[in-house]
Structures are given as C-alpha cells and as structure tokens.
Amino acid sequence: MQTLARALIDAAAFLELSSDDVIHPDDAVRALESIGDTLRSASPAELSAIRAALSDLIAAERAGSARADLLRFYRHFFESFGLSYEAVA
C-alpha cells in the first residue's frame, strides 16, 4: 500500500505545483478535487499508508534539495483535501 500512497502523493504534487503552461489550471483543479473526493472514503489503513509515505517523502526532501513548496505541500496534504488526520511532521 505504501507504493500506491507514494504514487498518489506524487501525482497530486505534480497537479498542484506544476505551472500553468504544463497543465491547465482548471484541469488540475478538477483532478485534485476528484482525488479529494476519493480520499474522503479511504480506510484508516489507507490513510495511515499515506501518512507514512508523506513522512518518508518529507525526510527525503529535507535530506536533499529541501524545496519549500514541496515540503509545504507534503505537510498540508491532508488539510488541502479536507481530511481530518494527524498533522504530518
């Protein structure tokens, strides 16, 4: 489940952080809203896998280039999708 969680996070980060010349903003918003709708029916185990993947991604990003926009996206992932879950460190 960890691999799928990471793939989901990577796709959402691409949609959220790409410039308008890469993906049309309306298309990105529609895709992100669809992801959010789906995540609202995720099981506790699925949400835990996403949280674990986010923690790993944050640690890897901090050890590397530490892009502020990406770190902010990871930290606010649950909140941005309207999910109530423990904050990610």
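Between the CE atom in Met1 and the CD atom in Glu46 there is a gap of 6.0 Å [rounded to 0.5 Å]. A distance of 10.0 Å separates CG in Leu70 from CZ in Arg75, rounded to the nearest 0.5 Å.
Looking at every heavy atom in both residues, Leu32 comes nearest to Phe81 through O-CE2, 3.3 Å. Nearest heavy atom pair, residue Phe73 against residue Ile9, reads CE2-O, 3.9 Å.
Under the 3.5 Å distance criterion, the side-chain polar atoms of Ser34 are left unmatched by any main-chain donor or acceptor of Arg30.
Scored by the side-chain contact (heavy atoms from CB on, under 4.5 Å) test, Ile23 finds Leu15, Ser18, Asp27, Ala28 as partners (sequence neighbours excluded). Listed by chain and number, the residues in a side-chain contact (heavy atoms from CB on, under 4.5 Å) with Ala66 are Leu71 (sequence neighbours excluded).
Note on Leu54 and Leu83: same hydrophobic cluster, where clusters join Ile, Leu, Val, Met, Phe, Trp and Tyr whose side-chain heavy atoms are under 4.5 Å apart, directly or indirectly. In the hydrophobic clustering of ILVMFWY residues, with side-chain heavy atoms under 4.5 Å counting as a link, Ile58 and Leu17 come out together.
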Passes side chain to side chain contact (heavy atoms under 4.5 Å, CB included), Leu39 versus Leu8? Steps please. CA-CA 10 Å; Leu39 286 177; Leu8 168 74; 3.6 Å; yes
Output, in order, the C-alpha distance, side-chain angles, deciding distance and verdict of side chain to side chain contact (heavy atoms under 4.5 Å, CB included) for Thr3 and Arg6. CA-CA 5 Å; Thr3 301; Arg6 185 173 178 151; 5.9 Å; no
Mind running side chain to side chain contact (heavy atoms under 4.5 Å, CB included) on Gln2 and Asp56 for me, showing each step along the way? CA-CA 10 Å; Gln2 191 79 5; Asp56 291 347; 3.3 Å; yes
